[in-house]
Amino acid sequence: MTAGLSFLIIIILLFVDWRIIRVSLASFSLTFPFLAAAIITGVLGCFCVPLLTKLKFEQIFRKEGPTSHSTKIGTPTMGGLYFVPVGIIIARLIAGCSSPEVSGPVTVTLAFAAIGLLDDSLTFIRNHNYGLPGWLKFALQVASGICFFFWLDSSNLPSPYRMKALVPLPPPLGPLYLGKWYLPLTAFCFAAMGNGVNLTDGLDGLAGGTAALAFIGMSIAVLPIYPGLAVFGVSMAGACIGFLIHNRYKASIFMGDTGSLALGGALAAMAAFSGMFFPLFIASGIFVAETISVMMQVFYFKVTKRINGCGSRLFLMAPIHHHFELSGVKEPYIIGSAYAISCVLSMCAAYIGFHFSRPLRIV
């Protein structure tokens, strides 16, 4: 499954390099940073996975989780410690260390990785699945989004739209100038994406594969206006694919909150930097569905408890991938279906973003 996903992404990027980039950016490539990050991460995992196993950084599972996950006890976690830096370093080397298109999203990615690392560390110290309090984790993500907005607003970055706080949308809606409303949208996007990827990281390879496809969709969407940001996206996608070599079913390592929060923050930063919130919403359809399933479960339980005195559950377990798991669907089929859906959504996001951003490109 991982090999098929990798092959599909390479074909897509080769097509983009051949049909789009060679016309206007002859010395530019999206395939190379993707392959470099994927290969380096895959090789590095051969050393880091045994090291994390030896250090006993093992995943701690929820007691109320699926019983089938008991076979995964002892699997190391915090894989984000090695695959996230690879994506960042490749992007910085290829796009340039001084490029603001990369430095901004990189800073956010590291900030979210730090939040996840703190959460993972508290999990080990307390020896249970709950690290940082939910409200504190949410507040830190929102604060990161607010800081990123003020950096965007105060910096003298070249804007392809000739003005800031503009969101490209399909006609007749866009482009839409949000003004002061760009701040709450950015903060919401950062918190939503961080939690969305984190919730999706419940099955082997599920978050890594869908995140890789979301990065590809977003990279193509922002390519006409921010080529450096596209390099950052494909580098992170390559790091995800390299990580999947060790995280695919049956996983020998998990990414932990260190990885999942970093991926969510990176995707949100790409959207906030470019204004591509609408393509991000489409490309992240799996993350959106996972988050909504949790919200529906909580809402339904509270309403039925208030009405009947005893709460009922809408799903067997949330997020929704656990519902399918407990319904008897095998884990590889759930993951493969999510990949297929995510691929379609990401290509739709790529087309929409690329098509509606091209007329705004400053030559």
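Heavy-atom basis, side chains included; hydrogens, waters and symmetry copies ignored.
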Considering residues at least two apart in sequence or located in another chain, which fulfil the side-chain hydrogen bond (donor to acceptor under 3.5 Å, both in side chains) criterion with Ser260?
Asn198
Donor-acceptor contact present, side-chain Gln297 to main-chain Leu314, <3.5 Å:
yes
For the rings on Phe149 and Phe273, is their centre-to-centre separation under 6.0 Å?
no
Show the nearest heavy-atom pair for residues Gly45 and Pro50, with the distance to one decimal.
O-CD, 3.8 Å
Does Ser29 reach the main-chain N or O of Thr31 with its side chain, forming a donor-acceptor pair under 3.5 Å?
yes
So, Asp120 side chain and Met78 main chain: donor-acceptor pair closer than 3.5 Å or not?
no
For Gly42, does its backbone N or O pair with a side-chain atom of His246 as donor and acceptor, under 3.5 Å?
yes
Which heavy-atom pair separates Ile253 from Asn247 by the least distance, and what is that distance?
O-ND2, 2.7 Å
Is it true that Arg248 and Asp204 make a salt bridge, defined as a side-chain N closer than 4.0 Å to a carboxylate O?
no
Within-4.5 Å side-chain heavy-atom neighbours: Pro76 and Lys56:
no
Suppose we call two aromatic rings close when their centres sit under 6.0 Å apart. Are Phe112 and Phe190 close by that rule?
yes
Does any non-hydrogen side-chain atom of Met347 lie less than 4.5 Å from one of Ile12?
yes
With hydrophobic residues grouped by side-chain heavy-atom distances under 4.5 Å, do Tyr249 and Phe254 end up in a single group?
no
How about Leu229 and Ser274: do any of their side-chain heavy atoms sit closer than 4.5 Å?
yes
Using only atom types and a distance under 3.5 Å, with no angle test, would you say the side chain of Ser293 pairs donor to acceptor with the backbone of Pro319?
no
Is Ser346 reaching over with its side chain to a backbone N or O of Cys343, donor-acceptor style, under 3.5 angstrom?
no
With a 4.5 Å heavy-atom cut-off, do Thr304 and Cys310 have their side chains touching?
no
Is a side-chain N or O of His323 found less than 3.5 angstrom from the main chain of Leu316, in a donor-acceptor match?
yes
Does Gly96 offer a backbone N or O that forms a donor-acceptor pair with the side chain of Ser99 under 3.5 Å?
no
Between Tyr82 and Val49, does the side-chain contact (heavy atoms from CB on, under 4.5 Å) criterion hold? Intermediate values first, please.
CA-CA 9 Å; Tyr82 79 86; Val49 173; 4.1 Å; yes
Test side-chain contact (heavy atoms from CB on, under 4.5 Å) on Lys137 and Ile115 and set out the steps.
CA-CA 7 Å; Lys137 191 189 300 186; Ile115 297 171; 4.1 Å; yes
Test log, rule side-chain contact (heavy atoms from CB on, under 4.5 Å), inputs Phe277 and Cys189
CA-CA 8 Å; Phe277 293 101; Cys189 181; 3.9 Å; yes
Contact check, side chains of Phe243 and Met255, non-hydrogen atoms, under 4.5 Å:
yes
Who pairs with Thr186 by side-chain hydrogen bond (donor to acceptor under 3.5 Å, both in side chains), at least two apart in sequence or on another chain?
none
Just wondering, do Pro168 and Phe278 contact through their side chains at under 4.5 Å, heavy atoms?
no
Between the side chain of Ser219 and the main-chain N/O of Val234, is any donor-acceptor distance below 3.5 Å?
yes
For Phe301, look at atom CZ and say whether over 12 heavy atoms of other residues, nucleotides or ligands are found less than 6.0 Å away.
yes
Can we call the ring centroids of Trp151 and Phe148 under 6.0 Å apart?
yes
Is the backbone of Asp257 close enough, under 3.5 Å, to the side chain of Asp119 for a donor and an acceptor to pair up by distance?
no
Count the heavy atoms of every other residue, nucleotide or ligand shown that sit under 6.0 Å from CZ of Phe188, and state whether that count exceeds 12.
no
For a salt bridge (charged side-chain N to carboxylate O under 4.0 Å, His left out) check, start with the C-alpha distance between Glu58 and Lys72, then their side-chain angles and the critical distance, and finish with the verdict.
CA-CA 10 Å; Glu58 299 174 354; Lys72 302 180 182 184; over 6 Å; no
